[in-house]
Amino acid sequence: FSRGFLVSMLDTFVVRKDLMKYRRNDVLGRAAHVSRGVDTASWGAQRKLLVKYCARHGAVPVGVGIVVGLVWFMSMLVPVLLPLDVAEMTTERCRAEASGGQDVNCAPSRADPAFLALAWHVGYWFCFSMSWLVLPILSSYVLAGAFSVKKRFFFALRDRLIFFLVIGVLFGIATVLLVLRFQFSLQGLSGILVSLANVFGVFVSTLMLSYGLIEVPKWLWKFGDYQAKLRSSEIRATYTMERMEEAKSSMALALGNINAVMSLYDKSKKDMPTRKRKTIKKFIRLIQAEVPNPDSGLTLPKAIQDNALHCALTEDYLAGLRFKVKKRVIEFRKVNYLWKKRCVEAFELEDLIQWRTGDFQASSWIGSVFLTIRAYILPVFSRIAAAATALLTMATIWSEATLWTISLRNSLDLSPFSYLIHQLHPPYIVVIFFCFACVLYLYTCLFFGIFRFRLFMLYELVPKHTDPFTLVLNSILCSRLLIPVAYNFITIMHETTYSISILYEGATTAMAMTRIATLHKGMDEVPVFGVSFNLYFPAVIVLFVLLTLCRVWDKIMNLFDLTKYSFEGVGDERLEAFGRQLLSQERNKWMNQRHVEEDARIKRYMNPGRPSEEDPTSDTDFGGGQNLNFSFEVTSDAEREEEIHQSIEVRHGMDSPSLRSRENEPTELEAFGEQAPPEGTQDIAEAPRKSRKKQKMKTKKKTSKNSENEFEF
């Protein structure tokens, strides 16, 4: 996320040649180029996220990709617009001081104020409407199992009914209180909406920031401690394996349910009307299409039949089954990828540790250079970054804890960020990069805590395996949290309308303000949730930080065996030892598989003219009415090669050791149900011809029988 922003910013504001024709101190160009640069930076970041994380093979519908891309684009305007907004505010105040007779040098304006105001309003209300109205319905719609658009839409409405009722009740209570205390107005109504959304965002971000502000500097400081990283990787491997076992058992039950439905269909299809039989058959094929193909790289578990299952061939039951299959396939795909990722990370750390001790040699000098950089140079830079982020963490916690002091009679301003902006008066470009770095660090800490919290596993982005449901949930998360965190940063700088009215003695109309503060101006008419909550609740971050430092939350969750509510990478020696054993077994398995592949590659090189080893029955399309049996056997290349040679020998009637070793096994004719003639009574040259005739006759008979059976097991 951070790398995408930095690359897009550099590509937009530095590398572009059309900005170089302006004078050197005019870094960002004129207002038109600023607007184009902002759009390019945001669009480049969200495009990279979509390309990297979307599931392959068209699993994400085009409409879902467009909606998620638009929401990400508008959400990512926030960290790009906020630095420009603050810098323009400092420039406007400097001009006001210069017009008052003070001798000050003011930087020229680089952005159009009207463009900033329009971008904030459009971006905020677009994200608000999408995150609280459209995206919740879309998240249930993409996961619905109904077979028509209308029924899926109504399923999504029913699924989100409680959510909308809670939101409506809260909005109604706040509106009644506003009418009783103040005069009703559109600004007050918008203030209620903004306040409720801001309360949710500040509450969640404060909880997650209390973890990220502590763990991100610690993670950077321990970046060079590869032994500790290996232990953490072993613990995460244990949790991933537990998650994989749960996903396999759920997937096996889902496959058993599909088999039961298909078996029931074969038994009762003769008693069904033709129209209903075709409809049920189409629904079953749609459910089959949700299951991954065996040639997709996933080894499906063996189907388990639930004896207590009472299935019925109704549209509602099949829709519910499709809903369950979708959720379980999503989790099964994710966990399989994550397990491979955990193994690769652990194996790389093991190799790096062995290379540092001299037990492992790089394959080339380029590999030695990369290992040297990773082992000795990157830890130095990570320690420097850890020190810088630790200072930024302390400044953030201090500013959050002392926000309430501005409401005292003396109006104490104890925020380091406010001191930098109001007292030091930094240059325009320094304000931009300082605000951008601070907001980006806050977002990094926020998502670090969210993606480490096990309860939020639904929001995780897995490269090339992120399904539409997870993409929609992640876009909801971005649209609900990015703007409240940005407004919280404005609050700790004391740049809200309430703070300015106190610090500058009611000069709200005369003082230049940021456009995001003007957007949230209606919150001043909601005293409890609009003003008091933003001043006093962030101080709770001190308590959460202390709990994070002492690992109180994880200890309580481990005590009551509620590890799914703990943070990832936290465990004891038992989990570490178990994870080490799992990784050792997986490494041996990978090494054996590599040896088998190398042997097969050598054999293919030595015998380039032999038949292809591809199995024509492996390309199974579950949605095309093929036979479905969810138990797949994985054979090695050596076994496949032996089977092919044996089939060639049987076809040509060769007398070989492989045939002599299989004298007691049925011949090719017996495999098709015919009695083979005794030895010597048939010419070898005529055997293949007659066997082919018998095979065709039996194939015709089977085809005529199977025309009545759509599904076999």
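Below, all heavy atoms of this structure are taken into account, side chains as well, without hydrogens, waters or symmetry copies.
The side chain to side chain contact (heavy atoms under 4.5 Å, CB included) with Glu400 is formed by just one residue from the set Ile541, Thr206, Val540; it is Ile541. Looking at Leu414, Thr491, Asn534 one by one, the single match for side chain to side chain contact (heavy atoms under 4.5 Å, CB included) with Leu403 turns out to be Thr491.
Residue Trp125 places its CH2 atom among more than 12 non-hydrogen atoms of other residues, nucleotides or ligands, all under 6.0 Å distant. Environment of NZ in Lys327: sparse, with no more than 12 heavy atoms of neighbouring residues, nucleotides or ligands closer than 6.0 Å. Other residues, nucleotides and ligands contribute at most 12 non-hydrogen atoms within 6.0 Å of the CZ atom of Phe153.
Taking the salt bridge (charged side-chain N to carboxylate O under 4.0 Å, His left out) definition, one finds that Glu345 meets it with nothing, sequence neighbours left out. Contacts of Leu207 classified as side-chain contact (heavy atoms from CB on, under 4.5 Å), with partners at least two apart in sequence or in another chain: Phe203, Phe544. For Glu495, the salt bridge (charged side-chain N to carboxylate O under 4.0 Å, His left out) partners at least two apart in sequence or on another chain are Arg93. In this structure His494 satisfies the side chain to side chain donor-acceptor pair (under 3.5 Å) test together with Asp413, sequence neighbours excluded. Residues passing the side chain to side chain donor-acceptor pair (under 3.5 Å) test with Ser499, sequence neighbours excluded: Thr496. Residues that satisfy the ring pair (Phe, Tyr, Trp, His ring centres under 6.0 Å) test with Tyr441, not counting sequence neighbours, are absent from this structure. Here Ser407 pairs with Tyr536 under the side chain to side chain donor-acceptor pair (under 3.5 Å) rule; sequence neighbours left out. Partners of Lys341 according to the salt bridge (charged side-chain N to carboxylate O under 4.0 Å, His left out) rule, which considers only residues two or more places apart in sequence or in another chain, do not exist here. Under the rule for a side chain to side chain donor-acceptor pair (under 3.5 Å), Ser205 has no partner lying at least two apart in sequence or in another chain.
Salt bridge status for Glu92 with Arg95: absent, with no side-chain N to carboxylate O gap under 4.0 Å. A salt bridge is defined here as a Lys NZ or Arg NE, NH1 or NH2 lying under 4.0 Å from an Asp or Glu carboxylate O, and Lys334 with Asp467 meets this definition. Salt-bridge formation is detected for the pair Glu215/Arg551: a Lys NZ or Arg NE/NH1/NH2 atom is positioned less than 4.0 Å from an Asp or Glu carboxylate oxygen.
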**Study point:** Full working for side chain to side chain contact (heavy atoms under 4.5 Å, CB included) between Leu471 and Ser475
**Key:** CA-CA 6 Å; Leu471 288 174; Ser475 62; over 6 Å; no
Practice item. Any chance you could lay out the side chain to side chain contact (heavy atoms under 4.5 Å, CB included) test for Ile490 and Val86, step after step, and finish with the verdict? Key: CA-CA 9 Å; Ile490 293 294; Val86 177; 4.0 Å; yes
Practice item. Please report the C-alpha distance between Phe537 and Val199 in whole Å, then the side-chain angles of each, then the deciding distance to 0.1 Å, and finally whether the side chain to side chain contact (heavy atoms under 4.5 Å, CB included) criterion is met. Key: CA-CA 10 Å; Phe537 182 77; Val199 165; over 6 Å; no
Check your understanding: Hey, mind stepping through Leu143 and Ile330 against side chain to side chain contact (heavy atoms under 4.5 Å, CB included) and telling me if it holds?
Key -> CA-CA 10 Å; Leu143 202 59; Ile330 288 170; 3.9 Å; yes
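Under the 30°/60° scheme for interplanar angles, the aromatic rings of Phe223 and Trp219 are found to stand perpendicular. The aromatic rings of His520 and Tyr487 sit parallel, their planes meeting at an angle under 30°, below the 60° perpendicular limit.
Although no hydrogens or angles enter the test, the distance criterion places a donor-acceptor pair under 3.5 Å between the side chain of Lys326 and the main chain of Ala144. Checking side-chain atoms of Thr405 against main-chain N and O of Leu412 turns up a donor-acceptor pair under 3.5 Å.
Smallest separation of non-hydrogen atoms from Ser131 and Ser479: CB-OG, 2.9 Å. When every heavy atom of Val335 is checked against every heavy atom of Thr240, the shortest pair comes out as CG1-O, 4.0 Å. Among all heavy-atom pairs drawn from Val64 and Pro468, the shortest one is CG1-CB, 4.0 Å. Summarising the geometry of Cys438 relative to Leu392, their closest heavy-atom pair is SG-CD1, 4.0 Å, with the distance given to 0.1 Å. Of all heavy-atom pairs spanning Tyr141 and Ala156, the tightest one is N-CB, 3.7 Å. Minimum heavy-atom separation, Pro217 to Ala386: O-CB, 3.6 Å.
Leu420 is not listed as a side-chain neighbour of Met493, based on a closest heavy-atom distance of 4.5 Å or more. Looking at Val78 and Tyr443, their side chains come closer than 4.5 Å, going by heavy atoms from C-beta outward. Between Leu70 and Phe126, the closest side-chain pair of non-hydrogen atoms falls below 4.5 Å. Contact annotation: the side chain of Leu213 never approaches that of Val545 to less than 4.5 Å [non-hydrogen atoms, C-beta and beyond]. Between Ile483 and Phe128 there is no side-chain heavy-atom pair separated by less than 4.5 Å. Side-chain contact between Leu424 and Tyr419 is present, with at least one heavy-atom pair separated by less than 4.5 Å. Put simply, the side chain of Phe489 reaches to within 4.5 Å of the side chain of Cys435, judged on heavy atoms. By the 4.5 Å heavy-atom criterion applied to side chains, Leu481 and Ile450 are counted as neighbours.
Here salt bridge (Lys or Arg N to Asp or Glu O under 4.0 Å) pairs that include residues 73-90, with residues two or more places apart or in two chains, are Asp85-Arg515. Each salt bridge (Lys or Arg N to Asp or Glu O under 4.0 Å) pair with one or both residues in residues 434-445, not counting sequence neighbours, would appear here, but there are none.
Relative to the six-membered ring of Tyr211, Arg452 misses at least one condition, a distance below 6.0 Å or an angle of at most 45° to the axis.
Taking CH2 of Trp120 as the reference point, atom OG1 of Thr518 lies at 11.0 Å (rounded to 0.5 Å). With rounding to the nearest 0.5 Å, the separation of CD1 in Ile173 from CG in Leu196 is 10.0 Å. Note that OG1 of Thr402 is 11.0 Å distant from CG of Leu535, once rounded to the nearest 0.5 Å. Separation of atoms NE2 (His121) and CD1 (Ile516) is listed at 11.0 Å; rounding is to 0.5 Å. To the nearest 0.5 Å, atom CG of residue Asn198 and atom CG of residue Leu193 are 12.5 Å apart. Rounded to the nearest 0.5 angstrom, Met89 CE and Ile500 CD1 are separated by 7.0 Å.
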Just list the side-chain donor-acceptor pairs under 3.5 Å for residues 159-171, sequence neighbours left out, or say none.
| residue | atom | partner | partner atom | Å |
| --- | --- | --- | --- | --- |
| Asp159 | OD2 | Ser140 | OG | 2.7 |
| Arg160 | NE | Pro136 | O | 3.1 |
| Arg160 | NE | Ser140 | OG | 3.0 |
| Arg160 | NH2 | Ser139 | OG | 2.9 |

